[in-house]
Number of protein chains: 2
Amino acid sequence: MKREKPPTIVDVAAEAGVSIATVSNVINRRKVPMSPETIRRVEEAITRLGYRRNVMATNLSRRRSHELGLILPHFGGYYGRFAEKLEQKVHGYGYHLSVFSAAGMDPEIERRHLEHLLQRRVDGLVSHGLAMSIPSTMQLAGEGTPLVIFNGWNWPGDVVKWAVNLDFAGASREAAGYLLARGCRTVVYAGRRHGMGANEQRIAGFLAGVGEHGTEVAHALLDAGELGVAGVLEAALSVGGSASAGPVGIYTFNDALALELLAECHERGIRVPDEVQLIGMDNEPFAKAAFPSLTSFEMPVDLQTSLVAAFLIKQLGEALDEADEALLEQYLAQTVGHELLIPMTMVVRNSTQKGAFHSHP
Amino acid sequence: MKREKPPTIVDVAAEAGVSIATVSNVINRRKVPMSPETIRRVEEAITRLGYRRNVMATNLSRRRSHELGLILPHFGGYYGRFAEKLEQKVHGYGYHLSVFSAAGMDPEIERRHLEHLLQRRVDGLVSHGLAMSIPSTMQLAGEGTPLVIFNGWNWPGDVVKWAVNLDFAGASREAAGYLLARGCRTVVYAGRRHGMGANEQRIAGFLAGVGEHGTEVAHALLDAGELGVAGVLEAALSVGGSASAGPVGIYTFNDALALELLAECHERGIRVPDEVQLIGMDNEPFAKAAFPSLTSFEMPVDLQTSLVAAFLIKQLGEALDEADEALLEQYLAQTVGHELLIPMTMVVRNSTQKGAFHSHP
DNA sequence: CTGTTAGCGCATTCAA
DNA sequence: TTGAATGCGCTAACAG
């Protein structure tokens, strides 16, 4: 624990025999003209001393941190990829991204992270539709820091300028329609209550899809958190009365749940997709490798992060590059209000293809 | 973009009719005696103005950030959980944790994050065995910031005081032995070259396990990155000559790879575990839900993060609580050098239980 | 082209 | 019990 304190700009100036202002100039590659000789001497001094600029001092002085904060519900799957992509994106604009996880929607942890980011005076924030209550968030975020939400619905436009959402409703509508088209006699949605807005969107879309079907169809909304996986499966199987023909279609909150249901089907000798058809969401790597492979929805992470970054960078008064500017305009044109919807595409696999698998022939 | 600048301690002082020193005192020096009246006035002013302390200024003044940095190879699975746990742990000691992902072992990104963390003058660093070269890291980290490594091997003791590692070698040894004991005629290890140290540890342990077997046994080391999943399976099947009796045992770098191999087996009508037995690593949620479920190794995230936190906090000169102190001593006692090894436990499932599954009866 | 100087927001002696 | 003054490391006019 020796830790002699790191060299400062003053040490560098002394070492190079110039003033601190000059050092600052060469560090920040300012426009001001400087003799090559001076630059060389300063740079030498910097490497010789192992100088590293103190960003706290820099930010304090600049009254600008060039730092952005991202709050995620957790680091897994889609969200992790989201974070990495967004980091790359904003780095291209000279911003740094600090990522925090609410460790599974824990409002307390979330609040802590938010508070910390605010105290650090980040220039902007990106957050999922939070676990914290909206008023509580509003109070924290206040009018202050630019905030872009992703996958959050019904945020008042005065606190959130933009919400960049995946069209879970549309996807769910499609899923329901697809299952019905495949001849399912019954369709159910298996959700997770703590999915919050994302869950509600799926429900709304699912119901819409069911409603669009020509004839009346047996359906149900199930909660996996409440019923458990086995409970969901049982409930699903008994919805339409056990005698009717055709498989039961189950559309799940995400691939993880779909996979668990799949395992439960194996356990009970229920054939997929003959007796039960499954559609998940997220298109996780394991969805493809499952047996039978799971039909799911691809997450357009690239597009979503690009849009999020574009909105935030723009709010920060920065100029966007050609591609991002174009992207923004394209989506802005087809958007009403401040909620932007990104369409999703279904990836059809064997869990919805009749006859592709027989567990117990 | 109005953003009137946030209130400072000066504003609060004015509002409360006291000096800034007094404000500072009520905020963080409750030890010094102050009249309750003053405290009340200051606190009122704070809430009235919505004052929030600027940590950059605070840290600059204190010459201490109370912030720790964590660098991960990526956010997925085990690492994500690791981050969340560690965050909780260090929060208990009054530290904040900033997490960064190298986006899949990208040395460039990793360097960027490390540099940023150092510029931010974090009090300590935690990192996986990095993607960056060791010398490059040493130069960066230098003698300066306390650094604890996890799952990193062969780091010189003068730059890394502690390395807290999972015993991948021991687990791999056990895996090989287990497969052999289950009657496998052939055992192979399917790895990922970019797993680096973690991969090498597995290889060493695997070979040791094979070597401990009484008789000579056909085995091989395969690289999934090079051969592809199909290639690995083919190679594995042909290792011992196709005629010999007993299943082929495949021990994989992680569950993801095991699952892909499992899918490939289904594809080709190869029965698991009758013809092929699989053991993965990480005990991901999908390992349990796979069909057949995958034998794997549990990751002791809690224990590992506790130890990492304890080492780092201690290096920072902080006092540990009872439990952590005890934990530290316990492990210190059984450790030689600066590399600490955490034992892992196997979770046996159907992918190694004969007869549990017949894909094509 | 280079140096002087006044902040940035806060913590912390040292006096009062 | 409170306040004035100094410094943390750096940036950004403004002079020279």
Side-chain angles (χ1 to χ4, degrees), chain A residues 3-43 45-46 49-67 94 118-123 144, chain B residues 3-43 45-46 49-67 116 118-123 144:
Chain A
R3 305 209 65 182
E4 68 284 355
K5 57 181 177 184
T8 75
I9 200 176
V10 177
D11 302 319
V12 175
E15 177 83 10
V18 298
S19 79
I20 63 166
T22 303
V23 176
S24 178
N25 281 339
V26 356
I27 290 177
N28 297 302
R29 304 181 189 354
R30 287 254 186 58
K31 315 301 299 186
V32 297
M34 308 176 301
S35 79
E37 168 61 8
T38 311
I39 296 184
R40 198 187 52 71
R41 292 214 337 254
V42 171
E43 285 177 339
I46 287 180
L49 264 43
Y51 167 78
R52 177 154 27 221
R53 153 226 245 120
N54 183 326
V55 309
M56 294 184 291
T58 301
N59 292 348
L60 189 57
S61 183
R62 285 213 179 111
R63 307 156 119 279
R64 188 107 212 262
S65 66
H66 271 271
E67 188 169 327
L118 259 15
Q119 288 192 175
R120 220 151 77 191
R121 300 292 191 270
V122 291
D123 293 337
Chain B
R3 305 208 65 182
E4 67 285 356
K5 59 181 173 183
T8 76
I9 200 176
V10 177
D11 302 319
V12 176
E15 178 83 10
V18 297
S19 78
I20 64 166
T22 302
V23 175
S24 177
N25 279 341
V26 357
I27 293 178
N28 40 34
R29 287 207 306 184
R30 311 307 297 235
K31 320 265 13 170
V32 305
M34 308 176 303
S35 78
E37 168 62 10
T38 310
I39 296 182
R40 198 188 51 70
R41 294 222 326 261
V42 170
E43 285 177 338
I46 286 180
L49 265 44
Y51 166 77
R52 177 157 23 222
R53 151 228 237 119
N54 182 326
V55 310
M56 293 183 292
T58 301
N59 292 347
L60 189 58
S61 184
R62 285 216 178 106
R63 307 150 125 280
R64 188 103 210 267
S65 66
H66 271 271
E67 187 167 329
H116 181 82
L118 259 14
Q119 288 192 176
R120 219 153 75 190
R121 298 294 189 271
V122 291
D123 293 336

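A, B, ... follow the sequence lines: proteins, then strands. Residue 1 opens every chain.
With D:dA12, D:dA4, D:dG9 as the choices, the nucleotide that has an atom nearest any side-chain atom of B:Ala21 turns out to be D:dA4. Distances from the side chain of B:Ser35 to the nucleotides D:dA12, C:dC1, D:dT2 place D:dT2 closest.
Between the A:Arg41 side chain and the A:Ala16 main chain, a donor and an acceptor come within less than 3.5 Å of each other. In this structure, the side chain of A:Thr58 engages the main chain of A:Asn54 through a donor-acceptor pair within 3.5 Å. Using modelled atom types, one side-chain atom of A:Arg121 and one backbone atom of A:Leu118 make a donor-acceptor pair closer than 3.5 Å.
Counting heavy atoms from C-beta outward, A:Thr8 and A:Asp11 have side chains that approach closer than 4.5 Å.
Nearer the 5' end of DNA chain D, as judged by each residue's closest nucleotide, is the contact made by B:Thr22, out of B:Thr22 and B:Arg62.
What separates CZ of B:Arg64 from P of D:dG9 is a distance of 15 Å, to the nearest Å. When rounded to the nearest whole Å, the span between CZ of B:Arg120 and C1' of D:dC10 equals 17 Å. For B:Leu60 and D:dT11, the CG to C1' distance is 13 Å, given to the nearest whole Å. Note: CZ (B:Arg63) to P (C:dC10) measures 19 Å, nearest angstrom. Counting to the nearest Å, the P atom of C:dG3 and the CD1 atom of A:Ile20 are 11 Å from each other. Going from atom CE of B:Met34 over to atom C1' of D:dT1 covers 9 Å, rounded to whole Å. For the pair A:Arg41 CZ and C:dC1 P, the computed distance is 15 Å after rounding to whole Å. Across the protein-nucleic acid pair, B:Asn25 atom CG and C:dC10 atom P stand 14 Å apart, rounded to whole Å.
One axis for each end of the helix from C:dC1-D:dG16 to C:dA16-D:dT1, each built from five base pairs, and the angle between them comes to 40° at 10° resolution.
Contact check, A:Asn54 against D:dC8: no side-chain N or O comes under 4.0 Å of OP1 or OP2. For the pair B:Arg52 and C:dG9, the criterion of a side-chain N or O lying under 4.0 Å from OP1 or OP2 is not met. Checking the phosphate oxygens (OP1, OP2) of D:dT11, a side-chain nitrogen or oxygen of A:Arg53 falls inside 4.0 Å. Taking 4.0 angstrom as the limit, A:Thr58 places none of its side-chain polar atoms (N or O) nearer than this to OP1 or OP2 of D:dC10. Phosphate contact (OP1/OP2 of C:dG3, side-chain N/O of A:Ser19, threshold under 4.0 Å): present. One finds no side-chain N or O of B:Asn59 lying less than 4.0 angstrom from the OP1 or OP2 phosphate oxygen of D:dC8.
At the heavy-atom level, A:Val18 lies under 4.0 Å from the strands shown only through sugar-phosphate atoms.
Using a cutoff of 4.0 Å between basic side-chain nitrogens and carboxylate oxygens, B:Glu43 and B:Arg40 are not scored as salt-bridged.
Of the N and O atoms on the side chains of A:Arg53 and A:Asn28, at least one donor lies less than 3.5 Å from an acceptor on the other residue.
Judged by distance alone, with hydrogens and angles left aside, B:Ser61 brings a side-chain donor or acceptor within reach of the base of D:dG7, the pair sitting under 3.5 Å.
The two residues A:Val42 and A:Val12 come nearest to each other via the heavy atoms O-CG1, 4.2 Å.
Distance CD1/B:Ile27 to CD1/B:Ile9: 5.0 Å, rounded to 0.5 Å.
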